[in-house]
Amino acid sequence: HPEFIVCWLRTMQSTMTGDGPLSDPVRHYIALLASSAHDCDYLMVKEEQLFKENDGESSWLRSLECAPEKMKKIGQLNVLLAHQP
């Protein structure tokens, strides 16, 4: 479906690389949290790789407890949204 892929690519470009208040490492960390909540191994590996490539804070990968308070809250919200849409 060519129309879908064009729309999807535009959305991914905008959310993951476009201008905005979130740094690239933060965007990839949030994506990692989301893929983790759904046990999507492929995306977890990919987002971890992109997080590291964008100079993300490596301690965040050890545990959510090592991330800033805002990321902890996003992580908690993410779990709720993943299991109670």
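All values below come from the heavy atoms of this structure, side chains included, with hydrogens, waters and symmetry mates left out.
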Closest non-hydrogen atom pair, Ala82 against Ala37: CB-CB, 3.7 Å
When clusters are formed by joining ILVMFWY residues with side-chain heavy atoms under 4.5 Å apart, either directly or through shared neighbours, do Leu22 and Leu61 land in the same one? yes
Rounded to the nearest 0.5 Å, what separation is found between the CD atom of Gln49 and the CG atom of Leu43? 12.0 Å
Pairs in or reaching into residues 62-77: which pass side chain to side chain donor-acceptor pair (under 3.5 Å), with residues at least two apart or in two chains? none
I need the Lys52 NZ to Leu32 CG distance, nearest 0.5 Å. 10.0 Å
Is there a side-chain contact between Ile74 and Met71 (heavy atoms, below 4.5 Å)? yes
Linking I/L/V/M/F/W/Y whenever any side-chain heavy atoms sit under 4.5 Å apart, do Met16 and Phe4 land together? yes
Between the CD1 atom in Ile30 and the CG atom in Leu77, the distance rounded to the nearest 0.5 Å is 10.0 Å
Are Val26 and Met44 in one and the same hydrophobic cluster, where Ile, Leu, Val, Met, Phe, Trp and Tyr link if side-chain heavy atoms are under 4.5 Å apart? yes
Within-4.5 Å side-chain heavy-atom neighbours: Tyr42 and Ser35: no
Please list all pairs meeting side chain to side chain donor-acceptor pair (under 3.5 Å) that have one or both residues in residues 23-33, counting only residues at least two apart or in different chains. His28-Glu47
Give me each pair satisfying salt bridge (charged side-chain N to carboxylate O under 4.0 Å, His left out) with a member in residues 1-21, each pair once, sequence neighbours excluded. none
Quick check for you: to the nearest 0.5 Å, what is the distance between Leu33 atom CG and Leu81 atom CG? 12.0 Å
